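Everything on this sheet refers to the single structure shown next.
Values in this document were obtained by computation on a predicted structure and should not be read as measured data. For the numbers below, each heavy atom of this structure counts, side chains included, while hydrogens, waters and symmetry mates do not.
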Amino acid sequence: MTALGKVLRTTAFKLSAIYIVVFSFFSVFFVLYISYTANQLLGQQLQATIAAEIYGLADQYRSGGLPGIVDAIDQRSHQPGASLYLITDVSGRILAGNVSRVPATLLNSSGAAPVTVPYERIAGGGTSNVAMVQVIRLPNGFRMLVGRDIGEREQFRRIIGRALAWALALMIALALMSWFFVSRRVLKRIDSLSATSRRIMAGDLSGRLEMAGTGDEFDRLAESLNAMLDRIEHLMQGLKDVSDNIAHDLKTPLTRLRNRVEAALASPPSNDTYRDALQATIEESDQLIKTFNALLMIARMEAGSQDGAMISVEAGAVVRDVAELYEPAAEEKGVALSVDAPEPVTLIANRELLGQALANLIDNALKYSAASASGTPKIVLTARRDGPSLVLQVADNGPGIPETDRARVLERFVRLEESRSLPGSGLGLSLVAAVARLHHGAIELGDAKPGLVVTLRLPIDQART
């Protein structure tokens, strides 16, 4: 009963029941309409035939009198067919015709309209049939009956009735078979969706909805939901990674901050000691705030938040503005900073985030090229169009990054051994990669021979150059 109740509550069953009722109603309506129309047409044809017979016999009566009409009826009665004739005298004795019995009241109630009555033929062996007849009163009390057997019409009506019954039975059977097939298929897909949903709710984010490969609405729904689950799993994994990274990488600066304050309190009271400790604490706190801000920005971008509108941006102008901002720092460190943006390239982007990404790349290049550049430290910023994409490059002649570590350095809080002695949090390239993904682009790390070249490849959406 539980399984039956489950089936009866399904949408497939309810839709099938509605379709059966609707189609049955229209089928019965159309069959009955056709039957009624055909019956009316046959009735009109019968009445027209009877009227024609009476008109012909009237001509016989006018030309030959009563003997003439009796002879005509006698001749027509012996002809095969569905026509019926009868003529009686005043006492009801049959003078001519092929009808042996009709209702007694029929001959005494002649009228202008044909009526349907049972009758027996003379050669019918006592079999009762049904006919449409009309009785005509003749002079001197004689009666004449003219009619047509309607057995064919009744047979046609029975055939229509049987056809209607078979059609309804067949339609209901096919509807039940279709419902059984559809409900089994639909229920199987829905049960699969439910099972996968329960797995996901239980914490298994790797579960995905099954796809049959037919391209139907269930496959399209599963495809969209799977894409959503991929995104959710990616975000949850990112959240887990951030939590792990915060727990590991921020533990050291927080411990260092606490130890510095503790050491200041343990030392002999001195304003200079307290002041130095507070300044160091403020610097450490500023670095922690920058780290948390960077983490928050990365999380927002990975969640699809733009923190600003996408507008039409001229890439060359953004590159020149950021380079101008860093020119004093580059001069101070003895780094040659140059810009190569030969042509204007316009794209739809978030100007602030694009500038932040370039600033991070230039900041990294300044630190590493100035510290260990081969020859004169230099940084080259490039903005150019490459087909449907904008290519932004920041190249330096510093130590570069080994090919085996290039994918790893794009992760959060990853710092190579060579950079441990330099200030930083390991979030700069992670933020640049997040900006690239937000703009549906990609980041590539390559060898500048010597040094590192970072390439941002962004699609030019609705570009105007």
Residue pairs involving residues 48-68 (criterion salt bridge (charged side-chain N to carboxylate O under 4.0 Å, His left out); sequence neighbours excluded): E53-R76, D59-R62

S100 side chain to R121 backbone, donor-acceptor under 3.5 Å: yes

Separation between CD of E343 and CD of E314, rounded to the nearest 0.5 Å: 9.5 Å

Nearest atoms (heavy-atom pairs only) where D149 meets A131: CA-CB, 4.0 Å

Derivation of the side chain to side chain donor-acceptor pair (under 3.5 Å) call for N360 and Q356: CA-CA 6 Å; N360 282 17; Q356 181 66 51; 2.9 Å; yes

Shortest non-hydrogen separation from L392 to A383 and the atoms involved: CD2-CB, 3.6 Å

Other residues, nucleotides, ligands: >12 heavy atoms within 6.0 Å of Q40 CD: yes

CG on L381 to CG on L361, rounded to 0.5 Å: 8.5 Å

Main-chain N/O of V102 paired to E120 side chain as donor or acceptor, under 3.5 Å: no

Beyond-backbone contact of V394 with L358, side-chain heavy atoms, under 4.5 angstrom: yes

CG-CD1 distance between L84 and I122, expressed to the nearest 0.5 angstrom: 10.5 Å

Enclosure of R101 CZ (heavy-atom neighbours >12, cutoff 6.0 Å): no

pair Y119-V133: side-chain heavy atoms closer than 4.5 Å: no

Donor-acceptor contact below 3.5 Å, side chain R351 vs main chain L353: no

Residues, nucleotides or ligands: over 12 heavy atoms within 6.0 Å of Q45 CD: yes

Gap separating the CG atom of N350 from the NE2 atom of H439, nearest 0.5 angstrom: 5.5 Å

Heavy-atom pair with the smallest gap, counting every atom of I460 and T346: CG2-O, 3.2 Å

Side-chain heavy-atom pair P388, P459 within 4.5 angstrom cut-off: no

Shortest non-hydrogen contact from A72 toward Q60: CB-CG, 4.0 Å

V135 to L145 - nearest heavy-atom pair and separation: CG2-CD1, 4.1 Å

Side-chain heavy-atom pair V380, T382 within 4.5 angstrom cut-off: yes

Student check: side-chain heavy atoms of F142 and I69 closer than 4.5 Å: no

Close side-chain approach of S312 to I348, heavy-atom, < 4.5 Å: yes

Worked verdict on N364 versus V432 for side chain to side chain contact (heavy atoms under 4.5 Å, CB included): CA-CA 11 Å; N364 281 347; V432 176; over 6 Å; no

Main-chain N/O of I401 paired to D405 side chain as donor or acceptor, under 3.5 Å: no

Intermediate values then yes/no, side chain to side chain contact (heavy atoms under 4.5 Å, CB included), D447 and R406: CA-CA 10 Å; D447 190 357; R406 289 173 187 168; 3.6 Å; yes

Rounded distance (nearest 0.5 Å) linking atom CG of L429 with atom CG of L452: 7.5 Å

Heavy-atom closest pair, residues A323 and V339: CB-CG2, 3.4 Å

Sub-4.5 Å side-chain heavy-atom contact between V391 and E444: no

pair R143-L86: side-chain heavy atoms closer than 4.5 Å: no

Result block: side-chain N/O donor-acceptor pairs under 3.5 angstrom for residues 158-168, not counting sequence neighbours:
none

Identified side-chain contact (heavy atoms from CB on, under 4.5 Å) partner of Q393 from the options T455, L456, V454: T455

Atom pair CD1/OH of I87 and Y61 - distance to nearest 0.5 Å: 9.0 Å

